[in-house]
Asker: 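I have a structure here, written as structure tokens, and I will follow up with some questions on it.
Note that ligands are numbered from 1 as they come in the structure, with each ligand's atoms numbered from 1 the same way. All values derive from a computational prediction rather than experimental measurement.
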Amino acid sequence: MSLTGNYEPSPSEWVRNQVAEYESSGGSKANTLLDTGMPVVIVTTRGNKSGKIRKTPLMRVEHGGEYALVASKGGAPDHPVWYYNLVADPTSVAIQDGPEPFDVVVRQLSGDEKSTWWDRAVAAYPPYAEYQSNTDREIPVFLATRENS
Ligand code: F42
């Protein structure tokens, strides 16, 4: 995994606790969003200002070995800051979906490709549709593909 460096846990306690429990259990615990039963993955990025390692739980949206990363932030008017990390360095990204993380590269989707992956995202986690209806911000979607594929 090329993403080495100083890990800075999230300032949000429930987020950093979910990352810690997911990683320490090899993905067998804390692998759903609270009590929804809907699966999550852990995405590692590099802080675009600090250079620190950041880890962010996101809903698991997988198809054919690729993953959509949905910068919904609950429908907030502003992007989550991990969005800017991906924009700044789309090759310093890893996903953990189970026991071990793996390197990916990401690209932001648009047009028909985004529509296809947006439908998959809403199928995996229906509240995404409500988040988008609650904000004028177009919720960005990134496609993550394994680096060695
Ligand atoms: N968020 C989503 O957007 N989509 C999801 O599908 C999703 C699912 C999910 C499931 C479980 C769970 O526990 C949380 C979930 N979340 C989901 C919430 C997600 O994990 C994040 O908490 C949320 O998206 C907000 O991301 P954020 O990156 O805006 O988090 C803030 C609070 C944060 O970490 N801020 C740090 C801080 O110190 O204030 C800085 C983080 C950072 O990356 N800093 C950069 C750096 O250089 O280090 C600079 C960034 C910049 O450009 O300012």
Asker: Who are the side chain to side chain donor-acceptor pair (under 3.5 Å) partners of Tyr22, not counting sequence neighbours?
Answerer: none
Asker: Going by heavy atoms in the side chains, are Phe142 and Val87 under 4.5 Å from each other?
Answerer: yes
Asker: Output the set of protein residues with a heavy-atom contact under 4.0 Å to ligand 1, ordered first by chain identifier and then by residue number.
Answerer: Pro11, Trp14, Val15, Gln18, Leu33, Val40, Gly47, Asn48, Lys49, Ser50, Arg54, Thr56, Pro57, Leu58, Met59, Val70, Ala71, Ser72, Lys73, Pro80, Val81, Trp82, Tyr84, Asn85, Tyr128
Asker: Please list, chain by chain and in numerical order, all residues satisfying salt bridge (Lys or Arg N to Asp or Glu O under 4.0 Å) with Asp136, sequence neighbours excluded.
Answerer: none
Asker: Could you grab the distance from atom NZ of Lys55 to atom CZ of Arg16, nearest 0.5 Å is fine?
Answerer: 14.5 Å
Asker: Looking at Thr44, Asn48, Thr56, which hits side-chain hydrogen bond (donor to acceptor under 3.5 Å, both in side chains) with Asn85?
Answerer: Asn48
Asker: For Ser72, check side chain to side chain donor-acceptor pair (under 3.5 Å) against everything at least two apart and list the hits.
Answerer: none
